[in-house]
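Just so you know, these numbers use all the heavy atoms, side chains as well, and skip hydrogens, waters and symmetry mates.
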Amino acid sequence: MNFRNLEDFWAFYVTQHSKRATRHWHFVGTLLSILFLVGSVFFSWWFLLFVPLSGYGCAWYSHFFVEKNVPVTFQHPFWSLVCDYKMFGLMLTGKMDREIKRLGKRPVLQVF
């Protein structure tokens, strides 16, 4: 799938994270990856190994076993990472549910 811009991709991204448990696993993975990144600065650069392991590990677990879909990271790694941090921020501020309602069930635009 190709998307015209980040907003179109975001609408698709949200549909791929329809279950609350999937979003929570993403939140935990992103939080752990941030903590390991900070830990690598203050303690040991070896913590850098756990940044992608924790982030992608939790996210991919949620897609394969909770959401039962394929992570969009495989097709759009950069936009997926950006949207993961956007979702993390919205969840941290309590605005993700409002964003899901805003997007509703609108169709995803695709450009071929």
List the atom of [X], the atom of [Y], and the distance in Å for their closest heavy-atom pair.
{"X": "E67", "Y": "T15", "result": "OE2-O, 4.4 Å"}
{"X": "Q16", "Y": "V70", "result": "OE1-O, 4.4 Å"}
{"X": "Y13", "Y": "V72", "result": "CD1-CG2, 3.8 Å"}
{"X": "C58", "Y": "G29", "result": "CB-CA, 3.6 Å"}
{"X": "R23", "Y": "S18", "result": "NH1-O, 3.1 Å"}
{"X": "C83", "Y": "L6", "result": "SG-CD1, 3.9 Å"}

Would you say that [X] contacts [Y] through its side chain, given a criterion of any heavy-atom pair below 4.5 Å between the two side chains?
{"X": "L37", "Y": "F47", "answer": "no"}
{"X": "M87", "Y": "L92", "answer": "no"}
{"X": "I34", "Y": "Y85", "answer": "yes"}

Do [X] and [Y] share a hydrophobic cluster, counting only Ile, Leu, Val, Met, Phe, Trp and Tyr and linking them when any side-chain heavy atoms are less than 4.5 Å apart?
{"X": "W25", "Y": "L32", "answer": "no"}
{"X": "L90", "Y": "V82", "answer": "yes"}
{"X": "F88", "Y": "V14", "answer": "yes"}
{"X": "L53", "Y": "F64", "answer": "no"}
{"X": "F27", "Y": "W60", "answer": "no"}

K101 (side chain) donor-acceptor with R98 (main chain) under 3.5 angstrom
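Side chain of K101 to backbone of R98: no pair is present.
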Sub-3.5 Å donor-acceptor pair from the side chain of S44 to the main-chain atoms of S40, do we have one?
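Not at all, since once roles are kept as given, no pair shorter than 3.5 Å links the two residues.
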Inter-residue atom distance K86.NZ - L81.CG, 0.5 Å rounding
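If we round to the nearest 0.5 Å, K86:NZ and L81:CG are 14.0 Å apart.
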So, taking the atom named CZ in F50 and the one named OG in S33, what distance separates them when rounded to the nearest 0.5 Å?
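One gets 13.5 Å once the value is rounded to the nearest 0.5 Å.
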Should L48 and F36 be marked as a side chain to side chain contact (heavy atoms under 4.5 Å, CB included) after you check the CA-CA gap, both sets of side-chain angles, and the distance that decides it?
CA-CA 6 Å; L48 285 175; F36 281 124; over 6 Å; no
For H24 and H17, I'd like to know if the aromatic rings sit close, meaning centre-to-centre distance below 6.0 Å.
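So the answer is no for these two rings.
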Do H76 and F9 have their ring centres less than 6.0 Å from each other?
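H76 vs F9: aromatic centres under 6.0 Å.
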K95, NZ: over 12 other non-hydrogen atoms inside 6.0 angstrom
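At most 12 heavy atoms, drawn from other residues, nucleotides or ligands, come within 6.0 Å of this atom.
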With a cut-off of 6.0 Å (strictly less than), are more than 12 heavy atoms of other residues, nucleotides or ligands near CZ of F74?
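Check passes, neighbour count above 12.
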Could you go through H26 and H63, starting from their C-alpha distance and side-chain angles, then the distance that decides it, and tell me whether this counts as side chain to side chain contact (heavy atoms under 4.5 Å, CB included)?
CA-CA 9 Å; H26 273 262; H63 284 289; 3.0 Å; yes
Just say parallel, tilted or perpendicular for the rings of F3 and W79, cut-offs at 30° and 60°.
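Tilted: the ring planes of F3 and W79 meet at 30° to 60°.
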Scan side-chain atoms only and decide if T73 and S80 contain a donor-acceptor pair under the 3.5 Å cut-off.
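Yes, because at least one side-chain N or O of T73 sits under 3.5 Å from a partner of the opposite role on S80.
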Any donor-acceptor pair under 3.5 Å linking the side-chain atoms of W10 with those of E99?
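Side chains of E99 and W10: pair found under 3.5 Å.
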Is a salt bridge present between R102 and D97, judged by a nitrogen-to-oxygen distance below 4.0 Å?
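No, no charged N to carboxylate O under 4.0 Å.
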After noting the C-alpha distance and the side-chain angles of E7 and L103, does the key distance pass the side chain to side chain contact (heavy atoms under 4.5 Å, CB included) rule?
CA-CA 11 Å; E7 185 59 31; L103 291 172; 4.3 Å; yes
